[in-house]
Amino acid sequence: MSATRIPPIQCLLTFEALARLRSVTQAAEELCVTSSAVSHRVKQLEQILGTKLFGRADFSLTTEGSEYLAHVREGLSILERFPSTASAPGKRKLRLAVTPTFARSILIPRLRQFTEAYPEIDLALHVSIPLLDVVAEDADLVVRFGTGRYADVEHICLTRDEVTPLASPAFVREHGPFDSVADLEGAQLLRSPLEPWRTWFAAHQLDWPEPADGSQFNDIGLMCDAAAAGMGIGLVRLRLGAPWLESGALVKLFTRSVPSPHAHYLCWQTGTMDRWECAAFADWLKKAMA
């Protein structure tokens, strides 16, 4: 067995506790983790082994589970003779390069779920620059924003989104009403290469050129802050703009939204997913974005 396929010791300890106690709640209390972490660890162990360990809701073991439990207990008993090895297995380091607004609006609000499920993983976040693909050179996983044509890396699409114009309530009161898209003509449109206005114009059969004047931002979060401060109207993806919409700092000008030509992708070099911590994070992030 190669080192990359040896299950984390936390998974083995959780499996042994759950097999002995037959209660997720009691196993979580004994291990000082959440019930969710217990479930995630057992699932991770089953994925690594490629077999079901528990057969029913009462946590009775399968035949394979019973056989594996005997090996696990034998191994743990050996490790108990060497406390420094068993009690300090060391955390696995995972370095993620992520675009700023995706991190603030989407990742951070969900990240506690991951850290609770995988306390053995130390996650380090580094900022990447969208479209320019400027990332930390030593990042294990990278969240890119763009077209998805990445020949240099393996990747999966995390989320697509729709865009719609947003502005502050005060701006709408002062410069509105905006009853139709035509009312945008002559308005203060905030600009960003990440979300060109031609997407909105084309969807409404308008041959207007891309705005050549007005404040420009290379970060959607900064553009949202500027719009919330009354500087103008931003064309914003709904999932990224959710915090500003939910707080009331920004409001929709129209009920319609249109698909963005870009999306967020999780990217990695070939071989990265052989490391269980990278595979665990990718699997968690895909499910969290569903």
Side-chain angles (χ1 to χ4, degrees), residues 36 96-117 123 125-131 141-148 156-173 175-176 178 181 184 187-197 199-200 203-204 215-267 281-290:
S36 176
L96 174 68
V98 61
T99 55
T101 308
F102 180 91
R104 291 196 298 267
S105 296
I106 297 177
L107 180 60
I108 296 299
R110 297 168 171 80
L111 199 55
R112 182 179 175 183
Q113 300 169 14
F114 178 78
T115 57
E116 288 183 346
L123 184 63
L125 299 183
H126 303 274
V127 172
S128 64
I129 301 178
L131 295 186
L141 300 172
V142 179
V143 173
R144 288 185 178 182
F145 176 73
T147 61
I156 56 171
C157 181
L158 289 174
T159 179
R160 297 188 179 278
D161 209 343
E162 295 190 337
V163 295
T164 196
L166 304 181
S168 71
F171 184 93
V172 174
R173 287 194 299 270
H175 300 279
F178 295 94
V181 176
L184 290 177
Q188 296 170 271
L189 303 183
L190 303 178
R191 300 180 297 148
S192 174
L194 303 174
E195 215 61 77
W197 277 96
T199 301
W200 182 261
H204 291 82
S215 300
Q216 187 169 5
F217 305 86
N218 69 351
D219 176 72
I220 297 298
L222 290 177
M223 186 170 70
C224 287
D225 286 338
M231 291 180 60
I233 302 168
L235 186 64
V236 182
R237 272 163 279 144
L238 291 175
R239 294 193 74 166
L240 290 191
W244 289 268
L245 286 168
E246 291 169 1
S247 69
L250 293 177
V251 295
K252 297 180 183 179
L253 271 61
F254 312 103
T255 57
R256 184 185 178 189
S257 56
V258 301
S260 169
H262 299 123
H264 283 96
Y265 296 84
L266 183 66
C267 308
F281 182 83
D283 181 64
W284 170 82
L285 186 58
K286 284 187 293 183
K287 293 176 180 175
M289 296 301 300

Any side-chain heavy atom of T99 within less than 4.5 Å of one from L194? no
Output the distance between atom CZ (R239) and atom CD (E162), rounded to the nearest 0.5 Å. 11.5 Å
Do D219 and R104 come within less than 4.5 Å of each other through their side chains, counting heavy atoms only? yes
Do you know the tightest heavy-atom contact between T101 and G221? OG1-N, 2.7 Å
Is any side-chain heavy atom of W244 closer than 4.5 Å to a side-chain heavy atom of D225? yes
I need the minimum non-hydrogen distance between A263 and C157, along with the two atoms involved. CB-SG, 4.0 Å
Starting from the C-alpha separation in whole Å, work towards a yes-or-no answer on side chain to side chain contact (heavy atoms under 4.5 Å, CB included) for L245 and V236. CA-CA 11 Å; L245 286 168; V236 182; over 6 Å; no
Rounded to the nearest 0.5 Å, what's the gap from CE on M231 to OG on S215? Could you check? 3.5 Å
What I'd like to find out is whether the side chain of L184 reaches to under 4.5 Å of the side chain of L253, using heavy atoms alone. yes
Under 3.5 Å, side chain of S257 to main-chain N/O of T164, donor-acceptor pair present? no
When the ring planes of F281 and F114 are compared, do they come out parallel, tilted or perpendicular, using 30° and 60° as the limits? perpendicular
Here the gap from L238 atom CG to K252 atom NZ, rounded to the nearest 0.5 Å, amounts to 5.0 Å
Ring-plane angle category for W200 and F254, please: parallel below 30°, perpendicular beyond 60°, tilted otherwise. parallel
Within this structure, what is the CD-CG distance for the pair E116 and L111, rounded to the nearest 0.5 Å? 10.5 Å
Value for CD (Q113) from NZ (K287), rounded to nearest 0.5 Å, stands at 12.5 Å
So do the side chains of I233 and Q188 get within less than 4.5 Å of each other, counting heavy atoms only? no
Closest heavy-atom pair, V98 versus A103, reported as atoms and distance to 0.1 Å, is CG1-CB, 3.9 Å
Given L235, which of P196, S260, P165 fulfils the side chain to side chain contact (heavy atoms under 4.5 Å, CB included) condition? P165
So, do F145 and E195 sit near enough that their side-chain heavy atoms are less than 4.5 Å apart? yes
Within a radius of less than 6.0 Å around CZ of R256, do more than 12 heavy atoms belonging to other residues, nucleotides or ligands occur? yes
Closest approach of G230 to S168 (non-hydrogen atoms, all atoms of both residues): CA-OG, 3.9 Å
Are L96 and L123 packed together at the side-chain level, in the sense that at least one heavy-atom pair is separated by less than 4.5 angstrom? yes
Determine the minimum heavy-atom distance between A167 and V172, stating which atoms define it. CB-CG2, 4.1 Å
Kindly compute the distance separating CG (L166) from CG (L240), expressed to the nearest 0.5 Å. 11.0 Å
List the atom of Q216, the atom of P193, and the distance in Å for their closest heavy-atom pair. NE2-CD, 3.6 Å
